[in-house]
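Model, not experiment: these values are computed from the prediction. Residue numbers start from 1 in every chain, and the chains themselves are labelled A, B, ... in the order their sequence lines are given, proteins ahead of strands.
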Amino acid sequence: MKIKSELSNIISDALKSANIESDDVVISDATKPEFGDYQFNGVMKLAKILKQNPRQIATNLVEHIDTTGMIAKVEIAGPGFINIWLNDEWLAKEATAILTDDRVGVGYVENPKKVVVDYSGPNMAKQMHVGHLRSTIIGDTLATLLEFLGEDVVRQNHIGDWGTQFGMLIAYLEEQGADGATTELKDLEQFYKDAKVRFDESPEFADKAREYVVKIQGGDKHCLTLWQSFIDASLGHCEEVYDKLGVNLTRDDVRAESFYNPKLADVIKTLKEKKLSTVSDGAECVFLDGSEVPVIVQKGDGGYLYATTDLAALEYRAKELKADRICYVVDARQGQHFKQVFTIAKQAEMVGENVALEHIGFGTMMDKGGKPFKTRDGGVIKLIDLLDEAVVKAKESIKERDAHTEDELENIATVVGIGAVKYADLSISRESNYIFSWDKMLSFEGNTSLYMQYAYARIQSILRKYDGEIKGNIIIGDETEHRLAHLLLKFEDTLSKAATDATPHTITSYLYDVVTQFMKFYELNPILKGGIDEEVKMSRLQLAKLTASVIKKGLDILGIEVVDKI
RNA sequence: GCGCUUGUGGCUCAAUUGGAUAGAGCAUCAGACUUCGGAUCUGAGGGUUAGAGGUUCGAGUCCUCUCAGGCGUACCA
């Protein structure tokens with residue numbers, strides 16, 4: 001249900017019949033309940049353009065607004081705000097209509113676009129750590145969301161599998177007589193450290209490592225086999241994490257750095273042809289206007305750089321994958337890099353003019369003291385350890401509650417623990433740094449996954465208790481039901497905003513609103529208690545059921561599961 | 001030095017992109033129930049939106065300066 005655009009149409013029509021010239025009509029949510037459900041603030045702007053009194057324009061406009069359908073009434077307030085109230089019967093009818101819809105009233109986008117979402121991007125030389133969490137979760141949510149709305153989504157996992165450190169790693173792998181399947185690679189972090197020690201202590205080994213770098217790049221069979229087995233093992237670690245996180249990334253989504261390697265020479269060629277790059281201090285550089293520091297695309301020794309690979313990837317995504325929109329879910333600190341690369345790609349016509357290039361930046365995860373999140377001894381926190389800890393902590397907090405079997409407990413703890421980590425991350429506007437706190441994320445109170453999951457479980461409990469066929473229409477009986485039904489119908493507007501702005505926290509705060517509104521409704525309007533009219537009982541059961549559906553679907557898009565009992 | 005970015009009650013975060021009296025949750029205090037799972041609900045106190053100017057009907061949001069933090073800045077990714 002696209003409420004805003006329908007309202008916008010109604011207002012546009014009214015403007016037309018009132019003979020008022022105007023461009024796009026923007027409808028906002030009302031800032032307070034006294035101001036109704038929505039408001040149109042455009043009159044003040046129009047007044048300025050038309051040099052007329054805003055109250056006068058508003059009066060004229062209001063007379064032409066159709067209040068026979070979805071709108072119950074409109075009022076003029078303040079300097080020229082137009083407040084809009086939705087009609088109860090309309091709400092009831094629309095809410096009833098989506099009861100049996102498995103998309104809970106959410107339609108598909110009109111013109112599906114090809115959207116590439118680049119996220120996760122782990123480095124194969126190292127184990128995934130907390131730094132990869134945000135990219136992986138935000139990216140996956142964005143991809144799932146866009147897909148749900150009907151966009152044609154292509155996931156891209158741009159893994160780091162190319163570079164000098166791999167010479168060292170495969171030389172060490174060979175020396176250990178191991179292949180990727182052996183236990184030697186169980187702990188990548190340790191393996192890297194061991195290899196580094198060997199590299200520093202033995203000149204022969206170091207030479208061999210350097211030689212292997214060249215050999216991989218030259219396509220040497222033996223080295224490539226070693227390299228491949230190393231990458232496979234490392235990817236296996238990532239997949240373990242993806243599996244625990246419930247993230248939809250597969251090997252098909254992997255487009256590694258190495259994939260672009262053969263294309264890099266062409267990138268330089270293009271840049272030279274377009275006269276965008278020049279040689280400076282022996283390196284091939286692009287000087288963007290106003291900047292004295294260049295973007296280096298080829299080193300003095302002929303080697304390529306980060307920017308070069310990203311340019312190749314951009315071109316591939318625009319031309320081969322035919323993307324209309326390319327989203328990079330990468331740490332905000334790389335903002336300048338992407339700004340530069342995007343500019344170069346457009347200037348060099350590697351991507352078309354109308355392809356949207358977006359850096360979906362996010363802040364750093366901090367500890368309680370506001371410092372980057374590390375282990376006690378200052379090391380990086382492995383993602384897998386973090387997730388396991390979340391499950392253990394969740395189990396502790398649930399254990400004290402009702403008796404569960406061991407299996408149930410394990411399952412609930414997993415759903416709750418992983419959900420808490422993801423929700424905590426997604427519920428904060430992504431640009432800012434965020435403070436990681438176990439206590440906060442595992443709390444049942446406030447805007448947390450547990451609060452939503454708990455509300456869901458409670459509704460399920462009501463539905464179980466009723467244990468009969470739920471049928472009949474939703475009826476709006478009071479203000480709490482009006483607001484609840486309205487919120488439930490706002491699901492689509494919420495999702496499309498989250499999709500265009502790439503802001504998952506829009507969804508979490510919406511869900512939080514839904515749940516708190518449900519709690520208020522439920523507090524005032526008993527469902528199963530005695531003395532309730534059958535029709536009213538059915539309506540309330542339906543509202544409860546619909547609320548549960550929205551919670552479930554919403555969390556589902558965020559990659560968070562629910563359980564019937566907690 | 002230059003560039004980017006952030007600054008919102010004690011704490012953690014919002015604010016529909018320039019709209020009305022800046023909203024939530026923790027924490028604090030005060031209430032509600034012989035619990036449709038109280039891990040709930042109702043209410044109160046707590047703010048010069050870092051500071052100073054400016055733009056206009058209207059600014060947390062836009063422009064300038066100052067202060068404080070973070071990040072980036074010629075051959076890592």
Taking the [atom1] atom in each of [N] and [M], what is the distance between them to the nearest angstrom?
| N | M | atom1 | result |
| --- | --- | --- | --- |
| U21(B) | U61(B) | P | 15 Å |
| G25(B) | C36(B) | C1' | 26 Å |
| A50(B) | A68(B) | P | 16 Å |
| U55(B) | A59(B) | C1' | 10 Å |
| U48(B) | G31(B) | P | 29 Å |
| G54(B) | A15(B) | C1' | 24 Å |
| U64(B) | C29(B) | P | 47 Å |
| G7(B) | U12(B) | C1' | 15 Å |

Using the aromatic ring of Phe81(A) (for Trp, its six-membered ring), decide whether it stacks on the base of G19(B) within the limits of 5.5 Å and 30°.
no
Is Asn123(A) touching bases, backbone alone, or none of the nucleic acid, heavy atoms closer than 4.0 Å?
nothing
Give Ala47(A) one of three labels, base, sugar-phosphate or nothing, depending on what nucleic acid heavy atoms sit under 4.0 Å from its own.
nothing
What is the per-nucleotide protein-contact pattern of [range], from the 5' end, where B denotes a base atom under 4.0 Å from a protein heavy atom, S denotes such proximity for sugar-phosphate atoms only, and - denotes neither?
| range | value |
| --- | --- |
| nucleotides 29-36 of chain B | -------B |
| nucleotides 8-16 of chain B | ----SSSSB |
| nucleotides 46-51 of chain B | ------ |

Under the side chain to side chain donor-acceptor pair (under 3.5 Å) test, which residues partner [X], sequence neighbours left out?
| X | answer |
| --- | --- |
| Arg210(A) | Asp207(A) |
| Lys490(A) | Asp29(A) |
| Tyr451(A) | none |
| Thr136(A) | Ser120(A) |

Taking the nucleotide of RNA chain B with the nearest heavy atom to each, does Asp564(A) or Glu257(A) sit closer to the 5' end?
Asp564(A)
Taking 4.0 Å as the cut-off, does a side-chain nitrogen or oxygen of Lys32(A) come that near to OP1 or OP2 on G23(B)?
yes
Among residues two or more places apart or on two chains, list those pairs meeting side-chain hydrogen bond (donor to acceptor under 3.5 Å, both in side chains) that have a residue in residues 427-446 of chain A.
none
Distance-only, no hydrogens or angles: does the Ser135(A) side chain make a donor-acceptor pair with backbone N or O of His132(A) under 3.5 Å?
no
Holding to salt bridge (charged side-chain N to carboxylate O under 4.0 Å, His left out), I want the full list of residues that pass it with Lys196(A), two or more places apart in sequence or in another chain.
Asp200(A)
Taking salt bridge (charged side-chain N to carboxylate O under 4.0 Å, His left out) as the test, write out the residues that go with Arg255(A), two or more places apart.
none
What is the glycosidic conformation of U17(B): syn, defined as within 90° of 0, or anti?
syn
Whenever both distances are under 3.5 Å in a Watson-Crick or G-U wobble pair, mark it; put RNA chain B into dot-bracket that way, with [ ] for crossing pairs and | when the partner is on another strand.
(((((((..((((.....[...)))).(((((.......))))).....(((((..]....))))))))))))....
Between the protein and nucleotides 72-75 of chain B, list the N/O to N/O atom pairs that are separated by less than 3.5 angstrom.
{"unit_1": "A74(B)", "atom_1": "N6", "unit_2": "Ser280(A)", "atom_2": "OG", "d": "3.3"}
{"unit_1": "A74(B)", "atom_1": "N1", "unit_2": "Ser280(A)", "atom_2": "OG", "d": "2.6"}
{"unit_1": "C75(B)", "atom_1": "O2", "unit_2": "Gly300(A)", "atom_2": "N", "d": "2.7"}
{"unit_1": "C75(B)", "atom_1": "N4", "unit_2": "Asp281(A)", "atom_2": "O", "d": "2.4"}

Flag if over 12 foreign heavy atoms under 6.0 Å of CD, Glu561(A)
no
Parallel, tilted or perpendicular: which describes the rings of Phe230(A) and Phe166(A), with under 30° parallel and over 60° perpendicular?
perpendicular
Non-hydrogen side-chain atoms of Ser397(A) and Leu442(A) separated by less than 4.5 Å
no
Taking the ring of Tyr328(A) and the ring of His158(A), is the distance between their centroids below 6.0 Å?
no
